[in-house]
Amino acid sequence: MESVRTLIIGAGMSGLATAAFLRDSDYLVLERDAEIGGYCKTVKQDGFVWDYSGHFFHFKQPEIASYLHARMPAQRLLEVNKRSFIHYGEQWIDFPFQKNIHQLPKDELIECLVDLYFARAPGVRSEPLPETNFEEMLYARFGRAIAEKFLIPYNEKLYAVKLSALDKDAMGRFFPHADLTDIVRNMRTADNASYNATFSYPEGGAIEYVKAIASEVKSSQIALGESLVSIDLAQKVATTSKRAIRFERLVSSAPFNRLLQAAGKLEDPAVWSWNKVLVFNLGFDKKGPKDVHWVYYPDRSLAFYRVGFYDNIFDTDRMSLYVEIGYPAEGEVDVAAMRARTLEDLQRVGVVKDHQLVSHHSVVLDPAYVHITARSMREHARLKAELEARGVYTLGRYGGWTYCSIEDNVIEARALTERMG
Ligand SMILES: Cc1cc2nc3c(=O)[nH]c(=O)nc-3n(C[C@H](O)[C@H](O)[C@H](O)COP(=O)(O)OP(=O)(O)OC[C@H]3O[C@@H](n4cnc5c(N)ncnc54)[C@H](O)[C@@H]3O)c2cc1C
């Protein structure tokens with residue numbers, strides 16, 4: 001039987017970064033797909049450059065950005081100051097909603113401000129409102145009007161679940177928190193700084209970051225079109241779609257519930273729930289709205305929750321959109337019917353006018369956003385420790401059952417290789 005010291009499952013950012021940072025070269029990367037990249041793939045079609053949904057990069061650690069950028073010398077890197085809006089009623093207001101309620105009509109501003117004040121101003125309530133889940137957290141910190149006008153409908157469209165099912169920290173650092181002082185101060189001096197206020201984007205699309213990290217991985221040690229099927233934890237043998245491989249340690253970036261299933265440890269499948277996202281990439285014959293990178297759509301009668309404009313990132317003259325639509329994991333996706341509805345809805349909101357669609361592509365990300373619940377966090381920590389004791393490690397956005405960026409994936413892979421030795 002073949003054997004390898006480190007068997008890595010998945011050639012997305014997490015799996016490739018693990019291989020790149022390992023101290024020895026006794027590894028094999030197994031990738032189910034025919035290509036590397038996972039969710040950071042890029043599609044080039046009819047002169048348009050599209051990702052699997054908009055993938056933009058904002059680095060917290062400059063050395064991670066430098067590490068990647070040093071490995072993509074031929075790439076022109078676009079540095080962009082984000083312009084994002086919320087389509088609300090007939091107008092666009094600045095994102096985040098909670099810090100820009102002063103841009104709403106006066107009666108709605110008053111409603112938001114009064115509810116915000118009575119939800120959280122010091123000394124107003126005898127005891128604080130409960131925050132035992134994501135929905136309660138939104139009511140407690142922002143008041144009813146802000147929660148119900150934007151935060152709840154938008155996030156329910158995205159997650160395709162009642163927000164009371166999610167943990168209050170389900171979005172971690174990606175949730176734009178703001179307190180009463182921040183909100184009132186923002187009315188006079190705008191400070192909409194966020195974790196991604198500026199972002200970088202390679203001219204060749206997100207795949208260029210994958211190629212940068214893959215330049216440190218031996219391509220002969222990536223097996224494409226080969227899936228992990230099962231793991232014998234006692235014998236330390238992985239069965240793939242093609243062979244059996246003995247390993248000393250296995251590092252998986254596959255979704256955690258699927259790793260558990262492969263290892264015979266999926267005790268209660270109901271712990272693990274997630275949404276899927278249908279992404280349409282749409283190319284048109286001429287320019288659309290300018291000075292905007294993406295728009296959030298909380299209106300429940302519209303199919304999509306977000307639309308992004310690649311042409312305003314590349315500064316090109318034909319409108320190039322990504323459109324994101326959330327579904328429950330078990331939801332049926334009728335791509336052709338949803339494309340027709342999406343085009344109608346894009347007309348309704350004024351993005352498409354007399355444009356002709358000249359190119360299109362779609363992909364379903366399944367899973368896209370995992371549902372982080374108190375139980376999923378507890379079970380993930382317990383089962384992760386049990387697997388690690390048997391030499392099986394899990395990482396990445398889906399292996400970690402978390403909400404994160406590709407920079408987080410690289411940081412985590414580097415830390416894991418240091419810990420494993
Ligand atoms: C809608 C959306 C928008 C996003 N936007 C951004 C953004 O703007 N900026 C940003 O930094 N991040 C963004 N992200 C996050 C980013 O996509 C992820 O952090 C990153 O792609 C995760 O990489 P990964 O390697 O952990 O997982 P994946 O990319 O999912 O890679 C896992 C790989 O494992 C393979 N695999 C799975 N099971 C098996 C098996 N049994 N056998 C063999 N191979 C297997 C898969 O085929 C896949 O290639 C976004 C994510 C989503 C869903």
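Every number for a ligand or one of its atoms is a count from 1 in the order of the listing. Quick note: numbers below take in every heavy atom, side chains included, and nothing from hydrogens, waters or symmetry partners.
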Arg397 NZ/CZ over Tyr369 ring centroid, <6.0 Å and within 45° of normal: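 So Arg397 does make the cation-pi contact.
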Residue pairs, two or more places apart or on separate chains, that pass salt bridge (Lys or Arg N to Asp or Glu O under 4.0 Å) and touch residues 151-160: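 Of all non-adjacent pairs touching residues 151-160, those that pass salt bridge (Lys or Arg N to Asp or Glu O under 4.0 Å) are Glu156-Lys162, Glu156-Arg300.
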Pairs flagged by salt bridge (Lys or Arg N to Asp or Glu O under 4.0 Å) wherever residues 8-18 is involved - sequence neighbours left out: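 Sorted pair list comes back empty.
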More than 12 heavy atoms from other groups under 6.0 Å of CD on Glu418: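 Buried by this count: over 12 neighbours within 6.0 Å.
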Verdict with reasoning, Arg5 to Tyr27, per side chain to side chain contact (heavy atoms under 4.5 Å, CB included): CA-CA 6 Å; Arg5 180 156 191 244; Tyr27 63 80; over 6 Å; no
Listed partners of Asp408 passing side-chain hydrogen bond (donor to acceptor under 3.5 Å, both in side chains), at least two apart: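 For Asp408 the side-chain hydrogen bond (donor to acceptor under 3.5 Å, both in side chains) partners, ignoring immediate neighbours, are Lys60, Arg173, Ser405.
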Within the protein, residues bringing a heavy atom under 4.0 Å of ligand 1, chain by chain: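 Ile9, Gly10, Gly12, Met13, Ser14, Leu30, Glu31, Arg32, Gly38, Tyr39, Cys40, Ser53, Gly54, His55, Phe56, Phe57, Glu226, Ser227, Leu228, Ser253, Ala254, Glu324, Leu365, Ala368, Tyr369, Gly396, Arg397, Tyr398, Cys404, Ser405, Ile406, Asn409.
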